[in-house]
Amino acid sequence: MGTQTKNTRTIGDVQVSPIGLGAMPMSIEGRPDEARSIATIHAALDAGITLIDTADAYHLTATDDGHNETLIAKALASYGGDTSDVLVATKGGHLRPGDGSWTLNGSPDYLKQAVEASIKRLGVEAIGLYQFHRPDPKTPYEESVGAIRDLLDAGKIRQAGISNANPEQIRQANEILGGRLVSVQNQFSPKFRSSEPELELCDELGIAFLPWSPLGGITNASDLGNNHPAFHTLAAELGVSPQKLTLAWMLAKSPVVIPIPGSSRPETIRDSYSAVDLTLTPDQVATLDAA
């Protein structure tokens, strides 16, 4: 892994902020108007965030495919400062037909088409980090990841990751990619801890681990303190929000962890990013680990 400071972590050969912006809430059910979403992305950039997580499936209807990717491209283009160091990580293999459901397509042909469409929407020559969104039971995993390898070899994507994977799939993907797997994006939060084995494996292999829904998801994030008393108690002692404490706890678990809390308001992403400055003692981390 590359050189890291308190304000950077590493995905492959790229330095990013220790906390990223999960942009999904800006494009699915309950999404805000575009002006607020762009203000949120700009607030994240102002705060120092250089990792934005998206996917082609982050949209609402059958006709606004890639809404989130298009939104991010627009926000980056309209930002007054330099965005050359911002890594936009997108994903493919999950689909939303427009009826509220999520479907899967991990076929190589589909993934290759999806990458071309994402490249156009993001307005880039190559995608900075492309992640296979979720295993598709109808397609052998090695075929899906093989397509990601082909895209990497072709220069369509600069770095490759996987999402919603178990330890066996992480090892398999890394082997198929010739040791070039740089990230694993799995659900992980105070409530959802069953991905601890994947986090530990990523730590061992030096692969970035990106917790999605680190605060418990859109509907539960605001109740995090009520749902997890140990987090509420310690947050109150430290004079910080339970959400900020949760992200600081994740950062303390391993240098490969880069949480990507979802946000659709400038003030929430600013509070989330301030967790970078909250240092916990080993005893405090152990208390939260055991909670």
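Values below: all heavy atoms of this structure, side chains included; hydrogens, waters and symmetry mates excluded.
- Ser263 and Thr40 share no donor-acceptor pair across their side chains, judged by distance under 3.5 Å alone.
- Between the Arg265 side chain and the Ile269 main chain, no donor and acceptor come within less than 3.5 Å of each other.
- Contact annotation: the side chain of Pro214 never approaches that of Thr246 to less than 4.5 Å [non-hydrogen atoms, C-beta and beyond].
- Sparse packing is recorded around NE2 of His232, with 12 or fewer heavy atoms of other residues, nucleotides or ligands lying under 6.0 Å away.
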Item to check | Stepwise side-chain hydrogen bond (donor to acceptor under 3.5 Å, both in side chains) check, Ser264 with Arg31 | outcome: CA-CA 8 Å; Ser264 64; Arg31 68 190 186 193; over 6 Å; no
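- Counting heavy atoms from C-beta on, the side chains of Glu198 and Ile170 come closer than 4.5 Å.
- No side-chain heavy atom of Asp150 sits less than 4.5 Å from a side-chain heavy atom of Pro108.
- Ser78 places a side-chain N or O within donor-acceptor distance of the main-chain N or O of Ala75, the cut-off being under 3.5 Å.
- Annotation: side chain of Gln131 is in contact with side chain of Leu210 (closest heavy-atom distance under 4.5 Å).
- Residues Pro18 and Val257 fail the side-chain proximity criterion, which asks for heavy atoms closer than 4.5 Å.
- Looking at Thr281 and Asp283, their side chains never bring a donor and an acceptor atom within 3.5 Å of each other.
- The CG atom of Leu76 lies 10.0 Å from the CD1 atom of Ile38; values are rounded to the nearest 0.5 Å.
- With Tyr58 as the partner, the side chain to side chain donor-acceptor pair (under 3.5 Å) test is satisfied by one option alone out of His94, Glu69, Lys91: Lys91.
- When side chains are defined from C-beta on, Thr54 does not count as touching Arg121, because their heavy atoms never get closer than 4.5 Å.
- Annotation: side chain of Tyr130 is not in contact with side chain of Arg158 (no heavy-atom distance under 4.5 Å).
- Between Asp85 and Thr50, the side chains place no donor N or O within less than 3.5 Å of an acceptor N or O (distance only, hydrogens not considered).
- Contact between Gly12 and Val182 at its shortest, heavy atoms only, is CA-CG1, 3.5 Å.
- Salt bridge status for Arg180 with Asp153: present, with a side-chain N to carboxylate O gap under 4.0 Å.
- The backbone N or O of Ala23 lies less than 3.5 Å from a partner atom in the side chain of Asn68, making a donor-acceptor pair.
- Panel note: side chain Ser107, backbone Tyr110; a donor-acceptor pair is recorded below 3.5 Å.
- One N or O on the side chain of Ser274 and one on the backbone of Asp271 form a donor-acceptor pair closer than 3.5 Å.
- Within 6.0 Å of CD in Glu125 there are 12 or fewer heavy atoms belonging to other residues, nucleotides or ligands.
- Within 6.0 Å of CD in Glu142 there are more than 12 heavy atoms belonging to other residues, nucleotides or ligands.
- More than 12 heavy atoms of other residues, nucleotides or ligands shown are found within 6.0 angstrom of NZ on Lys112.
- Ser213 places no side-chain N or O within donor-acceptor distance of the main-chain N or O of Gln187, the cut-off being under 3.5 Å.
- Pairing each heavy atom of Gln169 with each of Pro135, the nearest pair is NE2-CG, 3.7 Å.
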Item to check | Full working for side-chain contact (heavy atoms from CB on, under 4.5 Å) between Asp53 and Leu129 | outcome: CA-CA 9 Å; Asp53 177 77; Leu129 171 59; over 6 Å; no
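- A distance-only check finds a donor-acceptor pair linking the side chain of Ser163 to the backbone of Gln185 [under 3.5 Å].
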Checklist entry - Should Val145 and Gln172 be marked as a side-chain contact (heavy atoms from CB on, under 4.5 Å) after you check the CA-CA gap, both sets of side-chain angles, and the distance that decides it? => result CA-CA 9 Å; Val145 178; Gln172 184 183 7; over 6 Å; no
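- Here the closest non-hydrogen pair linking Arg9 and Pro255 is CD-O, 3.3 Å.
- Dense packing is recorded around CD of Glu29, with more than 12 heavy atoms of other residues, nucleotides or ligands lying under 6.0 Å away.
- For the pair Asn186 (side chain) and Asn164 (backbone), a donor-acceptor distance under 3.5 Å is present.
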Next on the checklist: side-chain contact (heavy atoms from CB on, under 4.5 Å), that's the test. Do Asn227 and Lys191 meet it? Break it down for me.
Outcome noted: CA-CA 8 Å; Asn227 295 335; Lys191 178 183 178 182; over 6 Å; no
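- Counting heavy atoms from C-beta on, the side chains of Ile148 and Leu152 never come closer than 4.5 Å.
- Nearest heavy atom pair, residue Val115 against residue Leu151, reads CG2-CD1, 3.5 Å.
- Across all their heavy atoms, Leu51 and Ser17 have their closest contact at N-OG, 3.7 Å.
- Looking at Asp56, its side chain never comes within 3.5 Å of a backbone N or O of Gly92 through a donor-acceptor pair.
- In this structure, a donor-acceptor pair under 3.5 Å is present between the side chains of Thr10 and Gln15.
- For Asp289 and Lys253, the salt-bridge test passes: some basic side-chain N is under 4.0 Å from an acidic carboxylate O.
- The main-chain N or O of Thr61 is found under 3.5 Å from a side-chain atom of His59 such that the two form a donor-acceptor pair.
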Checklist entry - So Phe209 and Leu201, side-chain contact (heavy atoms from CB on, under 4.5 Å) or not? Walk me through it. => result CA-CA 9 Å; Phe209 182 83; Leu201 179 58; over 6 Å; no
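- Closest of all the heavy-atom pairs between Leu181 and Ala173 is CD2-CB, 4.4 Å.
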